[in-house]
Amino acid sequence: QVQLVESGGGLVQAGGSLRLSCAASSRTFSTYAMGWFRQAPGKEREFVAAISWDGGRTYYANSVKGRFTISRDNAKNTVYLQMTSLAPEDTAVYYCAATETTGVLARAEYPYWGQGTQVTVSS
């Protein structure tokens, strides 16, 4: 079992940057692959980025590739999402999630979710 708490969301102008953090309350955090998903109003929750348990592999949605960077610090039980060149279409609630499987791209593979943090990008 792992509990996840996101932080770092807020209001930013287009072209700006934000860094999201997700703190995990598990002694076995380093055994979980971690993902970030987002959900805009009226839309399905979609995959944004994921990182393997050791940070050695990262995965990105095409829409954020080159702009977002996922990383983790296993000593701090924390995963990050650095977001740059933000655009209004990035506006959404961002969720972090944890999984013990290798299917890191699929929402259904993640049994553990945080409560989400709102990111709003103004034009």
Side-chain angles (χ1 to χ4, degrees):
Q1 188 87 14
V2 58
Q3 293 182 323
L4 305 170
V5 179
E6 302 96 335
S7 61
L11 174 65
V12 63
Q13 288 189 328
S17 300
L18 279 176
R19 188 176 82 155
L20 306 183
S21 299
C22 173
S25 65
S26 171
R27 287 188 235 172
T28 59
F29 173 75
S30 62
T31 67
Y32 292 91
M34 300 296 296
W36 285 97
F37 290 75
R38 67 186 181 186
Q39 188 166 17
K43 294 189 176 181
E44 294 285 323
R45 192 171 300 187
E46 64 176 3
F47 170 78
V48 174
I51 189 166
S52 60
W53 64 274
D54 62 350
R57 294 178 299 281
T58 57
Y59 310 84
Y60 296 95
N62 287 336
S63 59
V64 306
K65 203 171 291 184
R67 300 188 299 124
F68 291 11
T69 302
I70 188 171
S71 62
R72 67 189 296 160
D73 185 339
N74 285 345
K76 295 183 178 180
N77 281 13
T78 303
V79 63
Y80 304 98
L81 186 68
Q82 178 68 50
M83 306 185 294
T84 64
S85 301
L86 284 161
E89 50 266 35
D90 295 314
T91 295
V93 177
Y94 283 71
Y95 299 89
C96 74
T99 180
E100 294 176 291
T101 74
T102 56
V104 297
L105 303 185
R107 185 178 65 184
E109 294 289 339
Y110 291 84
Y112 307 111
W113 292 83
Q115 83 290 346
T117 186
Q118 177 71 47
V119 172
T120 303
V121 184
S122 63
S123 57

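Throughout, numbering of the chain's residues begins at 1 and tracks the sequence. Note that the structure is a prediction, hence the values are computed from the model and not measured.
- Transitive grouping of hydrophobic side chains (ILVMFWY, heavy atoms separated by less than 4.5 Å) brings V12 and V48 into a common cluster.
- No side-chain donor-acceptor contact under 3.5 Å links T99 and E109.
- Residue K43 comes nearest to Q39 through the heavy atom pair O-NE2, 3.1 Å, listed as atom of the first residue, atom of the second, then distance.
- Going from atom CG of L20 over to atom CZ of F68 covers 8.0 Å, rounded to the nearest 0.5 Å.
- Atoms OG and CG, on S25 and N77 in that order, are 8.5 Å from each other to the nearest 0.5 Å.
- Note that CD of E100 and OG1 of T28 are 6.5 Å apart. Values are rounded to the nearest 0.5 Å.
- Within a 6.0 Å radius of CD in Q3, no more than 12 heavy atoms belonging to other residues, nucleotides or ligands are found.
- In the hydrophobic clustering of this structure, F29 groups with Y112; members are Ile, Leu, Val, Met, Phe, Trp, Tyr whose side-chain heavy atoms approach within less than 4.5 Å, directly or through other members.
- Between the side chain of R72 and the main chain of S52, a donor-acceptor pair closer than 3.5 Å is present.
- Under the 4.5 Å side-chain criterion, counting only non-hydrogen atoms from C-beta, T31 is not in contact with W53.
- Under the 4.5 Å side-chain criterion, counting only non-hydrogen atoms from C-beta, Y60 is in contact with I70.
- Linking ILVMFWY side-chain heavy atoms closer than 4.5 Å, directly or via other members, places Y80 and V104 in two distinct hydrophobic clusters.
- W113 and L105 end up in the same hydrophobic cluster when Ile, Leu, Val, Met, Phe, Trp and Tyr side chains are linked at under 4.5 Å.
- The two residues T91 and A40 come nearest to each other via the heavy atoms O-CB, 3.7 Å.
- Counting heavy atoms from C-beta outward, V119 and R38 have side chains that stay 4.5 Å or more apart.
- Across all their heavy atoms, K76 and T78 have their closest contact at O-OG1, 2.8 Å.
- The closest side-chain heavy-atom distance from R67 to D90 is below 4.5 Å.
- Note: T69 OG1 to R19 CZ = 11.5 Å, rounded to the nearest 0.5 Å.
- Residues M83 and W36 are not in side-chain contact: their nearest non-hydrogen atoms beyond the backbone lie 4.5 Å or more apart.
- A 4.5 Å side-chain heavy-atom check between S30 and D54 finds every atom pair outside the cut-off.
- For the ring pair (Phe, Tyr, Trp, His ring centres under 6.0 Å) test with Y110, the passing option among Y32, Y95, F37, F47 is F37; the others fail.
- Judged by distance alone, the side chain of E6 and the main-chain N or O of Q115 form a donor-acceptor pair under 3.5 Å.
- Without hydrogens or angle criteria, T117 side chain to G9 main chain gives a donor-acceptor distance under 3.5 Å.
- Taking all atoms of both residues into account, the shortest heavy-atom contact from A24 to V2 is CB-CG2, 3.8 Å.
- The line from CD of E89 to OG of S123 is 10.0 Å long, rounded to the nearest 0.5 Å.
- Under the side-chain hydrogen bond (donor to acceptor under 3.5 Å, both in side chains) criterion, T120 pairs with Q118, not counting sequence neighbours.
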